[in-house]
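Below is one structure, written out as structure tokens; comments come after it.
Just the heavy atoms: all of them, side chains too, but no hydrogens, waters or symmetry mates, feed the values below. Indexing begins at 1, ligand by ligand and atom by atom, following the structure's order.
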Amino acid sequence: MTDPWQECMDHCVEVTKQAGKMIREALQKDISIMQKSSPVDLVTETDQKVEQLIIHTGTVPHHYFIGEESVAAGAPSILSDNPTWIIDPIDGTTNFVHRFPFVSVSIGFTVKKEIEFGIVYSCIEDKMYTARKGKGAFCNGVPIKVSGQEDITKSLVLTEMGFKKDPEHFKIMMGNINTILAIPVHGIRSPGSAAVNMCLVACGGADAYYHMGIHCWDMAGGAAIITEAGGVIMDISGGPFDLMSRRLIIASSRAIAERIAKEITVFPCGRDDTEG
Ligand code: LIP
């Protein structure tokens with residue numbers, strides 16, 4: 001039986017390569033920085049140009065899209081049953097601004113709210129991660145899989161500090177880092193791009209990643225990749241993963257994911273498909 005979405009995925013890989021090239025070229029020039037929700041929530045002209053490139057050369061008629069910069073400009077962020085591209089043109093904008101080398105283009109493609117394929121291009125490293133539902137995960141065409149680590153005391157854990165710096169969130173976030181370090185784990189890292197973090201766990205470079213306050217465009221591409229690499233993805237509370245919930249845990253094993261869910265304190269972070 002032919003795969004109805006394979007051609008779309010191949011096309012998406014090509015568009016993502018062009019987007020990555022545009023980002024690498026922009027790194028050679030001056031970067032003009034603008035603020036979004038706060039002085040540490042940044043956006044650049046390149047984020048906007050790359051999103052336009054993907055929307056105009058990538059998505060086909062009758063396909064919908066949810067793009068980080070389109071939503072910032074007022075477009076709705078509602079996941080429907082229609083074929084939908086969920087786009088983060090630059091995941092790791094702060095890294096891009098500082099030329100810190102974890103900068104990715106992330107695209108997840110959903111049909112009937114299920115993720116059919118995911119593409120994450122870590123464009124400075126030139127690593128193209130791809131996953132098609134049921135067909136495995138790859139980095140530059142080579143199959144990848146999670147470490148399989150079951151023992152959290154032997155794990156390397158990723159998380160991010162996010163944009164919320166109000167005292168209440170800050171205290172919970174730092175408290176969670178404290179709690180995880182005290183388990184103990186081998187270490188905690190913050191590479192600065194949610195999509196790259198998910199790929200690092202998918203290829204065994206780290207064993208878990210948890211985050212509250214990210215968005216569907218940060219998670220959609222990586223969600224396909226971690227699942228197809230044999231990893232576990234769940235809600236921060238330990239329940240089923242919800243793409244619009246703005247929170248997740250991924251891990252090399254259920255044991256590690258469930259332990260993280262048990263240890264951390266959750267703070268409210270809203271949803272992508274509701275106001276506020
Ligand atoms: C960023 C994430 C990063 C996280 C930031 C932000 P952006 O995405 O990838 O891991 O710490 O809060 O969500 O804004 O660069 O696309």
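- Under the 30°/60° scheme for interplanar angles, the aromatic rings of His63 and Phe109 are found to be tilted.
- Assignment of His215 to the shell around ligand 1 is not supported, since no heavy atom sits closer than 4.0 Å.
- Salt bridge annotation for Lys29-Glu25: absent, with no cationic side-chain nitrogen under 4.0 angstrom from a carboxylate oxygen.
- Every atom of ligand 1 is numbered from 1 in the order shown, and the set under 4.0 Å from a heavy atom of Glu68 is 14 (O), 16 (O).
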Item to complete: Evaluate the side chain to side chain contact (heavy atoms under 4.5 Å, CB included) criterion for residues Ile264 and Thr179: first the C-alpha distance (whole Å), next the side-chain angles of each, then the deciding distance (0.1 Å), finally the verdict.
Response: CA-CA 7 Å; Ile264 65 174; Thr179 305; 5.9 Å; no

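- At least one N/O-N/O distance between Asp218 and ligand 1 falls below 3.5 Å.
- Note on Val201: it clusters hydrophobically with Ile233, by side-chain heavy-atom contacts below 4.5 Å among ILVMFWY residues.
- The shortest N or O to N or O distance between Ile214 and ligand 1 is not below 3.5 Å.
- At a heavy-atom distance under 4.0 Å, no atom of Asp41 approaches ligand 1.
- In terms of heavy-atom proximity, Leu156 sits nearest to Gly205 at CD2-O, 3.7 Å.
- Of the N or O atoms in Asp91, one or more lie within a sub-3.5 Å distance of an N or O in ligand 1.
- Under the 30°/60° scheme for interplanar angles, the aromatic rings of Phe102 and Phe100 are found to stand perpendicular.
- Ranked by closest heavy atom to atom 16 (O) of ligand 1, the top entry among Val43, Asp88, Val196 is Asp88.
- Where the criterion is an N or O separation shorter than 3.5 Å, residue side chain and backbone included, Ala195 fails it with respect to ligand 1.
- Counted within 6.0 Å of NZ on Lys49, heavy atoms from surrounding residues, nucleotides or ligands total 12 or fewer; the atom is thus considered open.
- Salt bridge Lys36/Glu69: present, at least one basic N to carboxylate O contact under 4.0 Å.
- Considering backbone and side-chain N/O of Thr93, one or more are found under 3.5 Å from N/O of ligand 1.
- Neither the backbone nor the side chain of Met161 has a heavy atom within less than 4.0 Å of ligand 1.
- Less than 4.0 angstrom separates some heavy atom of Ser193 from each of these atoms of ligand 1: 9 (O), 10 (O).
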